[in-house]
Amino acid sequence: YAANNYGLLEYDGSQWRVYGMYYGNLPRSIAQVDNRAVFIGATNDFGVFTPTSTGGMRYTSLMSGEIEPNYGEIWDIEIVGNQVYFFARHQIITAIVESRKSIRSEGVEEDSVWLRDVRTIKVDSRVFCAEEVGEAIYVGTDNGLYLLTGTRMNRIHGSDLLRGYEVRCIQTLDAERLLIATDLGGLFVYDGTRIAPFRTD
């Protein structure tokens, strides 16, 4: 699966199919829940594509009255267990994922995915990226590196070293270290206790 301006793209090894979203929303991120569903984040909307009985995919928006509108694009989606996180520029929407069967008007039984316990986490800094590492979620911002615990953003000790740069990517370097890539400040390593520059040739 991939996302582009036309919707969700599906490739089965020989051909491509595209499943559009309504209202002209521009998809920005995807995350596969399981073999049955794909979350998608777009401009001021996010939802889920689930398979239909005819072999296609159906989009359902998961926006609700609990979520403030006009938050912009959802640039990243992370799933940890049955918890999902949708990352916008200045807020994170989190919820519990529930799957169940539903009967459509035609009497056909299909899989459905819903969210419960939806919460919004306000972020003072601008969020650029997020990465799940061993059921922990690290968030890269323009004010350093954060660890997301429940609904709390905890700034990582030593993030002052990243001040003035935008953390654009976080990846696992090895079993004990994270690699942090910034926009203009180069690479850094976080070993669980401190952040240090990552020197290369």
Asker: Could you note down all residue pairs passing salt bridge (charged side-chain N to carboxylate O under 4.0 Å, His left out) where residues 180-199 supplies at least one of them, sequence neighbours left out?
Answerer: none
Asker: Which residue pairs satisfy the side-chain hydrogen bond (donor to acceptor under 3.5 Å, both in side chains) criterion with at least one member in residues 170-181, sequence neighbours excluded?
Answerer: D174-R177
Asker: Could you list the residues that satisfy side-chain contact (heavy atoms from CB on, under 4.5 Å) with D12, not counting sequence neighbours?
Answerer: S14, Q15
Asker: So, using side chain to side chain donor-acceptor pair (under 3.5 Å) as the criterion, who are the partners of E131 when residues are at least two apart?
Answerer: none
Asker: Quick one: pull up OG in S125 and CG in L145 and give me the separation to the nearest 0.5 Å.
Answerer: 11.5 Å
Asker: Among residues at least two apart in sequence or on other chains, which ones pass salt bridge (charged side-chain N to carboxylate O under 4.0 Å, His left out) with D160?
Answerer: R155, R163
Asker: For T149, enumerate each residue passing the side chain to side chain donor-acceptor pair (under 3.5 Å) test, keeping only those at least two apart in sequence or located in another chain.
Answerer: N154
Asker: Among all residues two or more places apart in sequence or in another chain, which pass the salt bridge (charged side-chain N to carboxylate O under 4.0 Å, His left out) test with R152?
Answerer: none
Asker: For L9, what are the other residues in its hydrophobic cluster, where any two members join if their side-chain heavy atoms are less than 4.5 angstrom apart?
Answerer: Y6, Y11, W16, V18
Asker: Return the set of residues passing side chain to side chain donor-acceptor pair (under 3.5 Å) with S29 (not counting sequence neighbours), or none when no residue passes.
Answerer: none
Asker: What pairs with E73 under salt bridge (charged side-chain N to carboxylate O under 4.0 Å, His left out), at least two apart in sequence or on another chain?
Answerer: R28
Asker: Which ILVMFWY residues can you reach from V127 by hopping between side chains whose heavy atoms are under 4.5 Å apart?
Answerer: V80, Y85, F87, I92, I121, V123, I137, V139, Y146, L148, M153
Asker: Spell out, as yes or no, whether a donor-acceptor pair under 3.5 Å connects the side chain of T94 to the backbone of V84.
Answerer: yes
Asker: Could you pull out all residues at least two apart from R168 that satisfy salt bridge (charged side-chain N to carboxylate O under 4.0 Å, His left out)?
Answerer: E166
